[in-house]
Amino acid sequence: MIHLLIFRVKCLFFAPLYILFLMKNKNGIMSKDLRQWENTLTVIKYKSEFLAFIRMFAALREYRSLFFFRCGKGSNIIKALIPCTKELHFITKKEDVAEGLVLQHGYSTIIFAESIGTNCQIWHNVTIGRAHDKGRRPRIGNNVKICTDAVVIGDITIGNNVTIGAGSIVVKDIPDNCIVCGNPARIINLNGEKVNITL
């Protein structure tokens with residue numbers, strides 16, 4: 001009962017931030033993020049975008065982290081007052097991250113890709129970035145899921161509809177429609193068929 005009361009108070013407290021949501025919702029990107037979070041997390045869906053936003057913002061620190069990333073530097077003062085996911089570092093420019101990004105837990109994660117496509121998921125303890133100083137960074141396609149403890153580094157391209165398994169080390173290109181896992185990563189499923197292909 002007390003938890004429900006606290007949650008409702010948080011919802012009231014965060015309600016004014018919906019104005020910021022509307023102001024920063026260029027091309028509907030914030031709305032698309034919000035609805036993708038609802039679809040991915042299979043939570044209660046509200047017809048009202050306002051109610052959906054308030055519920056998600058009050059309940060999930062990782063959603064708040066994405067929200068403030070989308071809002072940019074102008075929201076740093078507000079962000080300093082509201083708890084977000086610890087040690088989640090967005091180094092990629094917000095313009096290079098397409099709509100529908102979902103963060104699962106998100107802590108201890110570095111996101112430094114050249115680009116990230118639509119409807120991607122990034123779990124916690126993930127590193128995405130350069131293989132060496134001044135090197136190029138990964139380009140990540142659409143509908144990509146990068147699971148816990150994965151490392152994706154270097155001048156590589158991750159295709160569309162790819163799942164990178166937990167603990168995988170990816171330093172080479174990955175084609176579309178596959179599942180990879182291991183260190184070094186290898187393809188274990190391609191176009192719905194079991195395979196064992198070294199990258």
Side-chain angles (χ1 to χ4, degrees), residues 29 32-43 56 59-70 83-94 96-132 135-199:
I29 195 165
K32 291 170 185 173
D33 282 344
L34 182 61
R35 295 309 180 184
Q36 187 63 20
W37 279 66
E38 284 186 318
N39 292 335
T40 302
L41 303 179
T42 60
V43 295
M56 201 68 71
L60 298 171
R61 289 184 180 211
E62 50 268 56
Y63 177 76
R64 297 198 287 266
S65 295
L66 178 64
F67 172 78
F68 286 122
F69 168 70
R70 294 289 194 201
C84 294
T85 304
K86 291 182 179 179
E87 301 303 322
L88 171 62
H89 303 283
F90 279 103
I91 307 171
T92 302
K93 295 177 183 177
K94 65 179 182 176
D96 295 329
V97 179
E99 70 270 8
L101 177 63
V102 175
L103 304 169
Q104 298 275 14
H105 311 303
Y107 53 81
S108 298
T109 292
I110 296 172
I111 301 173
F112 191 27
E114 292 283 346
S115 60
I116 297 176
T118 58
N119 300 333
C120 290
Q121 292 182 45
I122 299 173
W123 291 53
H124 51 287
N125 296 328
V126 165
T127 298
I128 302 169
R130 293 176 173 141
H132 53 80
R136 293 198 67 192
R137 297 166 279 131
R139 296 161 298 283
I140 297 170
N142 303 321
N143 304 308
V144 173
K145 182 189 293 186
I146 305 175
C147 298
T148 306
D149 288 324
V151 174
V152 182
I153 56 173
D155 182 9
I156 59 175
T157 299
I158 309 301
N160 301 320
N161 309 312
V162 168
T163 296
I164 298 173
S168 299
I169 308 296
V170 179
V171 295
K172 295 183 179 178
D173 293 348
I174 298 176
D176 294 346
N177 307 315
C178 66
I179 300 171
V180 302
C181 69
N183 178 12
R186 66 188 187 284
I187 301 171
I188 61 168
N189 190 297
L190 180 61
N191 297 316
E193 295 184 7
K194 288 184 180 180
V195 294
N196 188 359
I197 302 170
T198 303
L199 291 172

- request: List the steps and the verdict of side-chain contact (heavy atoms from CB on, under 4.5 Å) for Asn125 and His105.
  value: CA-CA 9 Å; Asn125 296 328; His105 311 303; over 6 Å; no
Heavy-atom side-chain proximity of [X] to [Y] below 4.5 angstrom:
X: Ile146; Y: Cys120; answer: no
X: Leu34; Y: Phe67; answer: no
X: Lys145; Y: Gln104; answer: no
X: Glu62; Y: Val102; answer: no

query: Does the side-chain contact (heavy atoms from CB on, under 4.5 Å) test come out yes or no for Ile158 and Val152, once each step is laid out?
result: CA-CA 9 Å; Ile158 309 301; Val152 182; 4.1 Å; yes
[atom1]/[X] to [atom2]/[Y] distance, rounded to the nearest 0.5 angstrom?
X: Ile111; Y: Ile122; atom1: CD1; atom2: CD1; value: 4.0 Å
X: Lys32; Y: Asn39; atom1: NZ; atom2: CG; value: 13.5 Å
X: Asp33; Y: Phe69; atom1: CG; atom2: CZ; value: 9.5 Å
X: Thr109; Y: His124; atom1: OG1; atom2: NE2; value: 8.0 Å
X: His89; Y: Ile110; atom1: NE2; atom2: CD1; value: 6.0 Å
X: Lys94; Y: Arg70; atom1: NZ; atom2: CZ; value: 9.0 Å

Search all heavy atoms of [X] against all heavy atoms of [Y] and return the closest pair with its distance.
X: Glu114; Y: Asp96; result: O-CB, 3.4 Å
X: Ile153; Y: Ile156; result: O-CD1, 3.6 Å
X: Gly129; Y: Pro138; result: O-CD, 3.2 Å
X: Gly159; Y: Val144; result: O-CG2, 3.2 Å
X: Val162; Y: Pro175; result: CG2-O, 3.3 Å
X: Asp149; Y: Val126; result: N-CG2, 4.2 Å

Sidechain-backbone polar pair: [X] side chain, [Y] backbone, donor-acceptor under 3.5 Å:
X: Arg137; Y: Ala113; answer: yes
X: Asp176; Y: Asn160; answer: yes
X: Asn183; Y: Ile169; answer: no
X: Thr85; Y: Gly106; answer: no

N-O pairing of Arg130 and Asp155 below 4.0 Å: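 Result for this pair is no, no salt bridge flagged.
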query: Should Asn196 and Arg186 be marked as a side-chain contact (heavy atoms from CB on, under 4.5 Å) after you check the CA-CA gap, both sets of side-chain angles, and the distance that decides it?
result: CA-CA 7 Å; Asn196 188 359; Arg186 66 188 187 284; 3.0 Å; yes
- prompt: Do Asn142 and Thr118 meet the criterion of a side-chain donor-acceptor pair at a distance under 3.5 Å?
  reply: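 On atom types as modelled, these side chains qualify, holding a pair under 3.5 Å.
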side-chain contact (heavy atoms from CB on, under 4.5 Å) assessment of Leu101 paired with Phe90: CA-CA 12 Å; Leu101 177 63; Phe90 279 103; 4.0 Å; yes
